[in-house]
Every structure is written in structure tokens, then in C-alpha cells.
Amino acid sequence: MLGGCTSNSISLDSDDDGDTEGDTGTETFPGTSTTPPADSGSDDGPPVECVDDSDCGGWCGWCSAGVCQEDVGCCGSSPEDPQQWRCSPPLDCWDDSECGDGEICVGGWCEPDPNPELQEPPACRDDLALWIDELALDGAYQQVAVAGGSPWVIGVGPQLHPVSFETGVGAPVGATLPDDTARELLALDASTLVAMTTGPRGGDHHLSRLHDPGDGAWLVESTELQAAPARAAAWLHTPAEVVVATDGQLVRWTAQLQPIGPVPLLFSPPATLARFPMGDGTSLAALAREDGAVELWDVSADVVTVQGHTLAGSPVDLAPALDTGGGEPRLMAVSHLVIEPQPGLLVDYAAIELVRIDEPLSGTPPFGAPGIPRALATTDLDGNGVYDVLVANDDGRLDLYLMDAEGPRCRSYLPLPAIVDLEVGDIDGDGVDDVLVLDDGPTLRAIHGVGR
């Protein structure tokens, strides 16, 4: 049952992808037509008064279907007046500067930029060698977590197994969990884990608490999630609550899986959920909705504490971005963005954004590389005191972005089989977080961070 275990010092390969050009569209101002009217007039038809707005007295009117229309209420105001052009009709914007992040002004209305500027960091050229342990697994495994400084994996069934890179995968603990698919595995402490499982075709949803009272006889308690479908779960530490995101609620549970109550979610359904630690030791629930909106929730008070940022693409995963040297906590997000660099050419991108915890939330310009993202992890791997970013793509490529205080310094990658899960935790006891990578090879890898 046990697979072989090897340790290797691997320098991650450099990426040779080329840059993608940005927006190739043309700018159109409100009330301006760049195309002459289809009907240029005839002996029997009405005369054509205009081709564009300049034929209609400039600021006092505009050209519509070859006929000058009077701009009621605006004639006489100066072109520098920022409100004059909104008189007739009322519009959102005059140019891109009046739209939000990731938006452009199209015909007087703010719309998502189909070709946002996306920074592609250069390939890493330094000789950073990260020590990687590899363990070949026997069977299929769905989720990985770190509890008590050791990895744990959930296999088919699903069943929970301890893992050692020296001795392999241990025998399953406790009884078989409900359902057949593990969606989340959360480590509450050294001896307690919580699994969120779903049944065939997502029909049933359960939370299961797996606890070792100290004698090695693991206890398993399960409770059914009434509000379905369950999309994501997070352990908040302080307050000690498990939060599950469903289509219309954030459902709260104690560490013993006693229900506390739901927090209603209106409008767009949630896409992903993560714990966000605050500087005072408490935790908030970081939520990204399907429409890209990012929010921080104080679930104990049933309120959104801060919101206001929309991601560049469809949200995939969130993770706290914490500098080991201190500083304000921030949030990292990865989304799936489709860019059209030229007509008819669509390119998938993993777009990564750093979300600042301002009021409202604000984000840095996205960076990333071509690919369809599946998971995100953040930790300081190179020991410079700044979080680094790892993104798992659906083709198995694991991208590593080495970060400094100004942003992404460079990118390396590791080609792997399809990646199932990423998890962060210190498994070698050196005080430096490592990254566990579970793929469907099946292989479990530990990427060890260097000492600070």
C-alpha cells in the first residue's frame, strides 16, 4: 500500500511565455458616431444635416441618424464643465478616468475592460533552490490538510489518513465519512479536523468532525447541511467557528459542530471563501462572489465590515497575504480572466490581485500568466519577509511568484500532473511554512520554505 519516498533539491524551471499586448480597441466618446449614417439621403428622402457631432454646433447638439439634435439645457455651458455633457442624455462617463478599476468608458457607459492591462512578471533567473519532498501515493486522494505538524489526506470513501514522508500513508482513522466526495478538509487544531463532503451529483452535504481524544481512537460525528449546495468552508480560529458558504447563506457552526445560525447572503452567490486574520488576533470571513465582488464579513455580528473591490475575472480562490516581517494584513485573490488581445483570439489567464484592506477595499493591478487557475496559496518561501504566491493551473502547471515589497519580482513554474489541492503549514518543525501539493498522479509533494 505504501509508495516510495524520495527527497530532491529542485530548481524550478523558468517560463518562456511571451507577453500579450493590451487593449487594441479604439476610444469612443459619448454622443459621438465614427460611422456615417447608412442612408446618405436621396432626391426623395430627407436631407442629411450631419455626419458627426461637429456638424451640429459642437457642445450645443449631437448628430443622430443624419439629423442634428438639440442638447437641451447644455448649450452655453463651457466644455470644461464636467456636468455639461450629462444633460441630454444622462451618461456615466466621458472617458476612462471616470470609471472604476478594470472598467473603460464605452459610449458614455462604464463597462468591464475586455483587455485589462495584466503584468506578466519576468522569468526568475536567480538560483533559488527549494527542497521538495515527494511521496508516491497508492489510491486516489481528494484533499490535504496540516494538523499537529503532519499532513493528513482524505481518500475515496472518503476516509482520513495520516501521512509521513518517511513511512508513507497510514491506515484510515475512524469510521467512513458520509457521502463520497470531500470538498474541504480543515484542521481546527492538532487533534481535530473537519471535512465537508458531498454525495453523488452534489445531492447531500455534510460536515464531519474527526477528533482524537488522546488515545488514538478517533471519533467521527457528522451533521447534515440543510442549506445546499455547499460551496466552500473556512475555519475562523477567533471566533472559533466553522463557516460554510451556500448559495444564499453563510452558515455558522461551533468547533463541536453545533449550529449557531445563518447569515443571509443577498444578490450574487458566493464563489469562494477563506479565513482572513486581523492584526488584533480575530478573524473575518473573506468572501468572493460569482460577480467578482470581494467582501469581508464579521459573521459574529452578521455584517459586512468592508467591501468595494471587484476582481478582474471570475473568482477562483482567496488567501491571506501576510508579510512575516509585520505590516498590515492583506488579501490575495486569483480569478479566471479571458482576454482578447486581437479579434478572434481568446486567451485564458490566471489573474492575481492583491486586495488592500482599505475603506472601501482596493486592489493592485492584476498580474499573472496564461492558464486556467484552480487553487491559490501564499507563504514566504524565499525568506525575504514578504509572502510569495503559488497558483495551481488546470493543466498541472504550478506557478511560483516570488514577491518583494513592490509586487511580483519574477515567476518560475513546475510542471506536474493535474493538481488536486494546495495547503500551507509547517510540517518539518523549523518554524517556516511549507506548501503541500496534492496531484492526481497520485503524488504528494512538500515544497519547503528556506529559513529566515
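Separating the CG atom in Leu402 from the SG atom in Cys410 is a distance of 4.5 Å, to the nearest 0.5 Å. Atom-to-atom distance recorded for Tyr349:OH and Asn393:CG is 12.0 Å, nearest 0.5 angstrom. In this structure, CG in Leu207 is found 12.0 Å from CZ in Arg183, a value given to the nearest 0.5 Å. Atom OG1 of Thr197 is separated from atom CG of Leu225 by 8.0 Å, given to the nearest 0.5 angstrom. To the nearest 0.5 angstrom, Leu311 atom CG is 10.5 Å from Leu337 atom CG. Here the CG-OH distance, from Leu438 to Tyr141, works out to 9.5 Å after rounding to the nearest 0.5 Å.
With respect to Asp302 and Arg252, a salt bridge is recorded, a charged nitrogen being found less than 4.0 Å from a carboxylate O. Salt-bridge annotation for Asp291 and Arg289: absent, with no side-chain N of the basic residue lying under 4.0 Å from a carboxylate O of the acidic one. Taking the charged nitrogens against the carboxylate oxygens, Asp439 and Arg445 do have a contact shorter than 4.0 Å, which makes a salt bridge.
At distances below 3.5 Å, at least one donor-acceptor pair connects side-chain atoms of Asp388 with backbone N or O atoms of Met403. Using modelled atom types, one side-chain atom of Asp434 and one backbone atom of Ile427 make a donor-acceptor pair closer than 3.5 Å. Formation of a donor-acceptor pair under 3.5 Å by the Ser335 side chain with backbone atoms of Gly313 is found in this model. Side-chain N or O atoms of Asp298 include none that pairs as donor or acceptor with a backbone N or O of Val303 at under 3.5 Å. A donor-acceptor pair is defined here as one N or O able to donate and one able to accept, closer than 3.5 Å; no such pair exists between the side chain of Thr310 and the backbone of Ala293. Here the side chain of Asp404 pairs a donor or acceptor atom with the backbone of Glu406 at under 3.5 angstrom. The closest donor-acceptor contact from the side chain of Asp426 to the backbone of Gly431 lies under 3.5 Å. At distances below 3.5 Å, at least one donor-acceptor pair connects side-chain atoms of Ser283 with backbone N or O atoms of Leu236. Here the side chain of Asp440 pairs no donor or acceptor atom with the backbone of Pro442 at under 3.5 angstrom. Listed for the Asp358 side chain is no donor-acceptor partner under 3.5 Å among the backbone atoms of Leu361.
At least one side-chain heavy atom of Arg397 sits under 4.5 Å from a side-chain heavy atom of Asp399. Side-chain contact between Thr443 and Pro417: absent, with no pair of heavy atoms (C-beta onward) separated by less than 4.5 Å. Taking the side chain as every heavy atom from C-beta outward, Leu130 and His448 never approach each other to under 4.5 Å. Counting heavy atoms from C-beta on, the side chains of Arg409 and Asp382 come closer than 4.5 Å. Using a 4.5 Å heavy-atom cutoff, the side chains of Thr223 and His206 are not in contact. The shortest side-chain heavy-atom distance between Thr198 and Asp204 does not fall under the 4.5 Å cut-off. Looking at Val294 and Leu287, their side chains never come closer than 4.5 Å, going by heavy atoms from C-beta outward. Side-chain contact between Val435 and Thr379 is present, with at least one heavy-atom pair separated by less than 4.5 Å.
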Requested in this report: For Arg374 and Asp395, run salt bridge (charged side-chain N to carboxylate O under 4.0 Å, His left out): C-alpha distance rounded to whole Å, both residues' side-chain angles, the deciding distance at 0.1 Å, then the answer.
Outcome: CA-CA 10 Å; Arg374 294 301 182 211; Asp395 61 358; over 6 Å; no
Query raised in the report: Hey, mind stepping through Val306 and Val304 against side chain to side chain contact (heavy atoms under 4.5 Å, CB included) and telling me if it holds?
Result: CA-CA 6 Å; Val306 62; Val304 178; 5.9 Å; no
Requested in this report: Run the numbers on Phe276 and Leu322 for side chain to side chain contact (heavy atoms under 4.5 Å, CB included), then give the verdict.
Outcome: CA-CA 10 Å; Phe276 184 79; Leu322 306 176; 5.6 Å; no
Requested in this report: Just do the side chain to side chain contact (heavy atoms under 4.5 Å, CB included) check on Leu400 and Tyr413 with the steps written out, would you?
Outcome: CA-CA 6 Å; Leu400 167 60; Tyr413 74 95; over 6 Å; no
Report task. Let me see the working for Leu398 and Leu390 under side chain to side chain contact (heavy atoms under 4.5 Å, CB included), right down to the final yes or no. Result -> CA-CA 7 Å; Leu398 180 65; Leu390 296 100; 4.1 Å; yes
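A side-chain N or O of His309 and one of Glu353 form a donor-acceptor pair less than 3.5 Å apart.
When the SG-SG distance for Cys50 and Cys68 is compared with the 2.5 Å cut-off, it comes out at or above that value.
Of all non-hydrogen atoms in Val316 and His336, the two that sit nearest each other are CG2-N, 3.9 Å. Heavy atoms only, all atoms of each residue included: Ala446 and Leu436 are closest at CB-CD2, 3.8 Å. Shown here for Arg231 and Met196, the closest heavy-atom pair between the two residues is C-CE, 4.2 Å. Shortest non-hydrogen contact noted between Gly292 and Pro315 is CA-CG, 3.6 Å. In terms of heavy atoms, Val242 sits closest to Thr254 at CG2-O, 4.5 Å. Of all non-hydrogen atoms in Ala182 and Gln142, the two that sit nearest each other are N-OE1, 2.7 Å.
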